[in-house]
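I have placed the structure first, in the form of structure tokens, so that the comments after it can refer back to it.
None of the values given here were measured: they were computed from a predicted structure.
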Amino acid sequence: HLRYVQEQNPDVSFRIREVARRVWDAGLPVLDDLHTASYGWPPGEKLERFIELLRGLEPGVTEIIVHASRPTGVFPHITDSSDSRLADLEALLSPELAAVVRQERIILTTWRELLERRRALTEGVR
């Protein structure tokens, strides 16, 4: 469905569909959507916005790019995003967000699991 891709990166969404088709044809797992906007959210709004995002997900496999980390003293020499990254980490570790994941029956997965599911699907067709 690529809802977030179309909203956040409309100029490349048509290319992504072609790449996704080639990846699928190669027997690899493919995302249904990709969310990349959380980096720009104000740190004080991260938890609320992640909850809103999770509650609004469409069925399928959606990857959410997050820059979660606990900044150290070297961060100011590398990036000015320490507050944003810490807010991502705190939101992702919050009991409130974990509760939403359970309530919405969201399945957290890995690329390895997706590949295993994709292979099982292909084997089931043969």
Problem - Ionic contact status for Arg22 with Glu18, cut-off 4.0 Å - result: yes
Practice task
Run the salt-bridge test on Glu58 and Arg3 with the 4.0 Å N-O cut-off and return the result as yes or no.
Solution key: yes
Exercise for the section: Treating Ile, Leu, Val, Met, Phe, Trp and Tyr as nodes and any side-chain heavy-atom pair under 4.5 angstrom as an edge, say whether Leu53 and Leu34 lie in one connected cluster. Expected result: no
Flag side-chain contact, heavy atom, 4.5 Å: [X] against [Y]:
X: Arg55; Y: Gln103; value: yes
X: Leu47; Y: Glu90; value: no
X: Arg85; Y: Val66; value: no
X: Lys46; Y: Asp88; value: yes

Fill in the blank from the handout: In short, Asp33 meets Val5 closest at the heavy-atom pair OD1-N, 3.2 Å
Exercise for the section: Search all heavy atoms of Val23 against all heavy atoms of Pro29 and return the closest pair with its distance. Expected result: CG1-O, 3.6 Å
Problem - Within 6.0 Å of CD1 in Ile65, more than 12 heavy atoms from elsewhere - result: yes
Practice task
Verify the neighbour count for atom CG of Asp25: are there more than 12 heavy atoms of other residues, nucleotides or ligands below 6.0 Å?
Solution key: yes
Exercise for the section: Verify the ring-centre separation between Trp41 and His35: is it less than 6.0 angstrom? Expected result: yes
